[in-house]
Amino acid sequence: MENTAKSESLFRRADSLFPGGVNSPVRYFDPHPLFIAGASGQRVRDVDGNTYTDYVLGYGPMILGYGDPDVLARVQEGLREGWFPGAPNAEEVSLGEMIRESSPWVEKMRFVNSGTEATMHAIRLARAYTGRKVIVKMEGGFHGAHDYSLIRSGSGSLTFGTPSTPGVPEEVSATVAVASYNDIASVEAIFDRLGSEIAAVITEPVFGNVGLIPPEPGFLEYLRKVTSEHGSLLIFDEVITGYRVEFSAYQNVIGIRPDLTTMGKIIGGGAPIGLFGGRKEVMERVTPSGPVYQSGTFSANRISMLFGLATMEKLANSDYGTLNRLVKDMAVAIREEIEGSGKVATVNQVGPMFQIFFGKESVKNYRDAMSADRGTYMRFFRHMLVKGIYVPPSQFETCFVSFAHTIEDTEKFVQGFREFIRE
Ligand SMILES: Cc1ncc(COP(=O)(O)O)c(C=O)c1O
């Protein structure tokens, strides 16, 4: 890091206002986070004037990069008409149609304001639809910060050592059974024991909140099969994966149809958004067409819809193949550096997402991720920051690459990694 005196001073003020000085725990790192003053393309600039090539992308939404001129123009133009939460608008219909056309298993949907809201409502709906209580989630799977999901969870809850948080009543935790991602036997054992009580299985199709872990062949297929056999719903939490790897939900990339899907991040282009949707007959149980209550002053607010629509229209014409190849080549180069160094480390990559784990030959599940060398990851984070490269300040997040990144950027990343691993 260069001079960060202004960030430090802002942090001192923030620390007296916000718990830990931040408004979301993943943003904190020692001795203080960087306060960002501006962002353009693939770079962010802190309040002290240092610039960084960014692989955090706002924890996922900014797949076009920052300040895309087409998005900006469209939103500015739209805002001239005003912004009026609490009433239907034409943009929500256009964005909804665009999502259903490109992700046809989302037959009906509702927009909300965050991924947290989306999964909370999807879980409640699954319970109401099936008349059952039990939810199966994966250890280390993160679905937002509500009571139903903060049970052996990932992301910031893992970074800060509170995967199951105080404040969640035991009665709620008792309705959540925890399986292991990529471990069919662990899911089978739960269904053998509780089959007829299970309302839904919720998982990210690609695990993205303990670092990045791709699905093993057959795992997601098994989840589809076992839920169908037991009359339970399958919920894919696509808050990270939706529109990440191609212009569609990840379910269409792999050809597995969940009953319900949640999305967020990319579909709002950097403005607050969430969505839950799926089979029409299930979604029609939501108020006012059905009895399952859901509401929100800011749901489908015009600002988020304008950002989402402008971003999605641009993404529909973006070349995901080239982006995915760029990141695949980068992962190959990182792997070569690891081999050349004689050190033990591994990199997982899916489309424009990747994460590096030190001290592990491979990371295929939560336990593998937990036993990676987190101390070395944090040294890597600091090393890269000094080089002007910003990766997430936690082993349990995922690095994202945007359409604004260039081959020069990824080469610089590999060079920074080379210097670190050879140290
Ligand atoms: C898979 C997944 N689900 C849900 C959420 C919660 O989304 P939000 O932070 O918008 O509430 C996240 C956040 O990172 C996530 O990664």
Side-chain angles (χ1 to χ4, degrees), residues 22-28 55-63 110-124 126 135 137-160 163 165 176 181 200-215 220 223 234-245 249-251 258 260-278 294 296 298-301 304 307-308 311 350-353 355 366 369 392-400:
V22 285
N23 282 294
S24 186
V26 292
R27 298 175 196 173
Y28 180 80
Y55 291 85
V56 181
L57 298 185
Y59 291 92
M62 307 307 296
I63 192 168
R110 177 152 289 172
F111 286 117
V112 290
N113 297 295
S114 67
T116 295
E117 266 186 77
T119 62
M120 182 183 76
H121 290 301
I123 288 173
R124 182 185 297 148
I135 298 295
K137 78 177 282 286
M138 305 298 146
E139 190 170 26
F142 182 70
H143 306 291
H146 55 76
D147 285 8
Y148 307 156
S149 107
L150 272 181
I151 293 148
R152 285 154 76 183
S153 174
S155 185
S157 67
L158 205 53
T159 310
F160 295 95
T165 174
V176 179
Y181 182 73
V201 173
I202 183 167
T203 189
E204 301 163 76
V206 178
F207 230 39
N209 281 289
V210 290
L212 185 77
I213 306 180
L220 298 173
L223 294 185
L234 178 61
I235 307 173
F236 276 170
D237 180 357
E238 298 226 31
V239 166
I240 287 180
T241 53
Y243 296 87
R244 178 79 54 195
V245 172
Y250 190 75
Q251 56 201 250
L260 292 175
T261 300
T262 54
M263 293 192 209
K265 300 200 193 262
I266 289 177
I267 60 164
I273 203 164
L275 168 158
F276 66 105
Q294 188 283 330
F298 294 105
S299 289
N301 76 80
S304 296
F307 269 100
T311 299
V350 177
M353 307 178 272
Q355 186 53 297
Y366 169 80
S394 164
Q395 174 74 82
F396 302 126
E397 301 294 337
T398 289
C399 298
F400 297 106

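All ligand and atom numbering here is 1-based and tracks the order in the structure. None of these values were measured; they are calculated from a predicted model.
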Self-check item: Atom pair CD/NZ of Glu204 and Lys137 - distance to nearest 0.5 Å
Solution: 9.0 Å

Self-check item: ring pair (Phe, Tyr, Trp, His ring centres under 6.0 Å) partners of Phe276, counting only residues at least two apart
Solution: His121

Practice problem: With rounding to the nearest 0.5 Å, note down the distance linking OG in Ser149 to CG in Asp237. | Solution: 8.5 Å

Quiz item: Measuring from each atom of ligand 1, which residues have a heavy atom under 4.0 Å away?
Solution: Ser114, Gly115, Thr116, Phe142, His143, Gly144, Glu204, Asn209, Asp237, Val239, Ile240, Lys265

Practice problem: Output the distance between atom NE2 (His146) and atom CD1 (Ile123), rounded to the nearest 0.5 Å. | Solution: 4.5 Å

Exercise. Measure the CG-CD1 distance between Asn301 and Ile273 for me, rounded to the nearest 0.5 Å.
Key: 8.0 Å

Quiz item: Between atom NE2 of His143 and atom OG1 of Thr262, what is the distance when rounded to the nearest 0.5 Å?
Solution: 8.0 Å

